[in-house]
Each structure stands twice: as structure tokens, then as C-alpha cells.
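Residue numbering restarts at 1 for every chain, and letters A, B, ... go by the order of the sequence lines. Every heavy atom of this structure was used, including side-chain atoms; hydrogens, water molecules and symmetry mates were not.
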Number of protein chains: 2
Amino acid sequence: MEILDIGDVAERTGVAVSTLRYYDEIGLIASVGRRGLRRQFGPEAVWQIALIALGKKAGFSLDEIAGMFRANGTVDLPRPVLHGRADEIDRQIRDLTVLRDALRHVAECPAPSHLECPRFRKLLRVAGRRGKA
Amino acid sequence: MEILDIGDVAERTGVAVSTLRYYDEIGLIASVGRRGLRRQFGPEAVWQIALIALGKKAGFSLDEIAGMFRANGTVDLPRPVLHGRADEIDRQIRDLTVLRDALRHVAECPAPSHLECPRFRKLLRVAGRRGKA
DNA sequence: CTGCCACTTAAAGTCAACTTGAGGTCAAGC
DNA sequence: GCTTGACCTCAAGTTGACTTTAAGTGGCAG
């Protein structure tokens with residue numbers, strides 16, 4: 001259970017084999033070797049891929065993700081860069097919170113048009129400010 | 001200042017004219033009319049587009065965003081659907097929090113390899129759980 | 001009335017992130 | 001030893017979200 005075939009990795013992560021090959025191709029993940037032609041991965045690949053999926057879901061491009069974590073799963077970026085990324089994510093969390101609140105509000109507010117509701121307008125103002133920045 | 005040319009909307013929102021035309025084409029926004037050939041928008045378009053930008057930044061597709069807000073800026077989806085969307089965003093916020101914490105941890109943790117650090121492994125476990133769901 | 005310029009359309013092009021397809025390889029089970 | 005099936009490569013195709021291009025239109029300043 002130390003070394004995994006690409007198919008095993010696919011099964012454990014829920015990521016398609018073709019996608020894993022693609023990630024390997026672009027250097028986002030790295031196989032530990034080959035058995036014949038077959039790529040073999042160490043068990044840490046599963047964690048790496050989970051992180052990649054997380055980053056993707058967070059709206060980061062594969063390039064940006066590659067900039068956060070190395071193919072071997074380690075990170076050796078300067079701290080300020082990492083903190084910068086974290087701050088970026090924090091901003092995104094705040095944006096999402098606005099969106100979520102807007103949605104929840106819309107689900108509950110009895111105003112005839114939401115554009116007339118002061119609470120909704122306030123949410124939109126926040127959205128506008130973020131948009132322009 | 002009631003009615004805006006597409007160029008004015010572009011300027012106020014920071015979104016390219018071609019993009020606005022594209023949004024119009026796919027029914028994501030709606031012009032209130034034309035002056036000659038020129039599309040005209042009401043001032044609410046600015047808020048709508050801010051919301052679209054917000055949703056995009058949050059990683060939603062234009063289709064998904066279209067499913068949240070109508071072209072005219074109002075919403076008339078059933079409440080459970082809206083709450084479902086909000087819950088989805090909540091999950092995403094939690095995911096982002098994991099990613100942010102992982103990043104911040106990596107920036108600070110002195111462990112030789114992060115894969116050996118128990119705190120990091122715990123973060124990854126959370127990531128793994130989310131990935132499979 | 002003329003020219004300008006921001007707009008118009010339709011179609012084609014671009015980019016990221018994959019997926020699909022055709023044809024090939026190899027280790028394992030029968 | 002032969003088949004099977006999961007893998008391989010390389011190229012081409014797909015999708016979403018736009019942007020670009022070419023050719024045209026029309027309101028307004030001079």
C-alpha cells in the first residue's frame with residue numbers, strides 16, 4: 001500500500017486518470033517512478049491532489065496553485081508570498097460572505113423588489129466596493 | 001444619469017464592453033433599450049454586474065450565477081433553492097478557511113517537511129474529507 | 001452636411017483545463 | 001504463449017468565458 005498506480009490514485013481522490021496525467025505533464029504532481037510504462041505515485045500524492053482540488057474550488061488557477069505548493073508536496077516559498085496568498089484568500093472569504101448574506105437575505109426579505117430593500121442595497125454597496133478594487 | 005450607455009456601464013464597473021455585450025447575449029444582464037443601435041442600461045445594471053463579478057470571483061460559473069439572480073436583477077427562485085446556494089457558499093467558505101490556514105501554517109511552521117507536522121497533516125485530512133464529498 | 005467615433009453585428013480566435021481517440025505496450029492470469 | 005485490460009503517447013477535440021476582427025451604423029459637434 002506504499003506505492004500506488006495512477007488508477008489507485010484516481011480512485012482515492014476522485015480525480016480522473018486523464019486529469020492526473022495532465023497534472024503530471026504540467027508538473028503539478030510528480031510520479032515517483034514507473035512500472036513498465038505505468039506511472040507510480042507515493043501515498044502523499046493523495047494529499048497533494050486533495051490540496052489541488054481545494055485550491056481549484058477556491059477559484060485559483062493551476063498555475064497559481066503550482067505557485068503555492070511544489071510537485072513534491074513541500075513548500076519553499078518566502079513567507080511574505082505565502083502570507084500574501086493567505087490574505088488573498090481572506091478577501092475571497094469576505095466576498096463569499098457578502099454573496100451568501102445577499103442570497104440568504106433574498107430568500108427571506110419580504111420587500112416587493114430587493115433593489116428597494118435598504119438591507120439588500122447595503123449588501124450590494126459592499127459588493128460594488130469590492131468589485132472596483 | 002438615469003440611463004447609461006454600455007460604455008458608461010463598462011467604465012463604472014470595470015468590465016469590458018465586449019464582456020457586457022456577451023453577458024447581454026447570454027441573458028445574464030438585460031439592456032433597457034437602444035439609442036439607435038446602442039444598448040442602454042438602467043443604473044441597477046451596475047449593481048447586477050457587481051454581483052456577477054462577486055459570484056465569479058467566488059468560483060461560480062456564469063450559469064450558476066444566472067441561476068441565482070435574474071437578468072433584471074430580481075430574484076424569484078424558491079427559498080429552499082436560495083438557501084441551498086447559500087449553504088454551498090458556506091461550505092466553500094469553510095474550504096477556503098482550510099486552505100488559508102494551511103498556507104499560514106506552512107509560512108510559520110519550522111518542521112523540516114510539512115508532511116511530517118501533525119498540525120499540517122490534520123489540515124490535509126480535512127481537505128481530503130472535503131475532496132471526497 | 002460631413003466627419004468622427006463610440007457603438008453595432010457576426011464570425012473567428014484565444015486560453016485554460018481537460019477529455020477523447022487512435023494506435024501501442026506490458027504484466028498477469030488462464 | 002496468448003489474451004486481457006489497465007495503462008501508455010500524441011494529437012485533436014471540447015467547454016466556458018471571453019476577445020478580436022472586419023465591416024457597418026448613427027447621433028452629434030462643427
Run the side chain to side chain contact (heavy atoms under 4.5 Å, CB included) test against A/Q40 and tell me which residues pass, sequence neighbours left out. A/I3, A/D5, A/V32, A/R35
Test of understanding: with salt bridge (Lys or Arg N to Asp or Glu O under 4.0 Å), list the residues that count as partners of A/D24, not counting sequence neighbours. A/R39
Length of the line joining B/L20:CG and C/dC7:C1', which is rounded to integer Å: 13 Å
Quick one: pull up CE in A/M68 and CG in A/L82 and give me the separation to the nearest 0.5 Å. 9.0 Å
State whether the side chain of B/T97 and the backbone N or O of B/I93 hold a donor-acceptor pair below 3.5 Å, judged by distance alone. yes
Begin from the C-alpha positions of A/V106 and A/L103 and carry the test side-chain contact (heavy atoms from CB on, under 4.5 Å) through to its verdict. CA-CA 5 Å; A/V106 160; A/L103 238 29; 5.5 Å; no
Between the protein and nucleotides 10-13 of chain C, list every N/O to N/O distance that falls short of 3.5 Å.
none

Output all residues satisfying side chain to side chain contact (heavy atoms under 4.5 Å, CB included) with B/A10, sequence neighbours left out; order by chain, then residue number. B/V17, B/L20
For A/E11, does the CD atom have more than 12 heavy-atom neighbours from other residues, nucleotides or ligands under 6.0 Å away? no
Contacts under 3.5 Å, N or O only, protein and nucleotides 6-15 of chain D:
residue : atom : partner : partner atom : Å
D/dA6   : N3   : A/R38   : NH2          : 2.7
D/dC7   : OP1  : A/G7    : N            : 3.1
D/dC8   : OP1  : A/R39   : N            : 2.7
D/dC8   : OP1  : A/R39   : NH1          : 2.9
D/dC8   : OP2  : A/R21   : NH1          : 2.6
D/dC8   : OP2  : A/R39   : NH1          : 3.4
D/dC8   : O5'  : A/R39   : NH1          : 3.4
D/dC8   : O3'  : A/R34   : NH1          : 3.2
D/dT9   : OP1  : A/R34   : NH1          : 3.3
D/dT9   : OP1  : A/R34   : NH2          : 3.1
D/dT9   : OP2  : A/R39   : NH1          : 3.0
D/dT9   : OP2  : A/R39   : NH2          : 2.8

Taking side chain to side chain contact (heavy atoms under 4.5 Å, CB included) as the definition, give me every residue that meets it alongside B/Y22, ordered by chain and number, with sequence neighbours left out. B/I26, B/L62
Side chain to side chain donor-acceptor pair (under 3.5 Å) partners of B/R100, counting only residues at least two apart: A/D90
Would you say the side-chain atoms of B/E88 and B/H83 include a donor-acceptor pair closer than 3.5 Å? no
Go along nucleotides 14-19 of chain C 5' to 3' and tag each nucleotide: B for a protein heavy atom under 4.0 Å from its base, S when only backbone or sugar atoms are that close, - otherwise. ---BBS
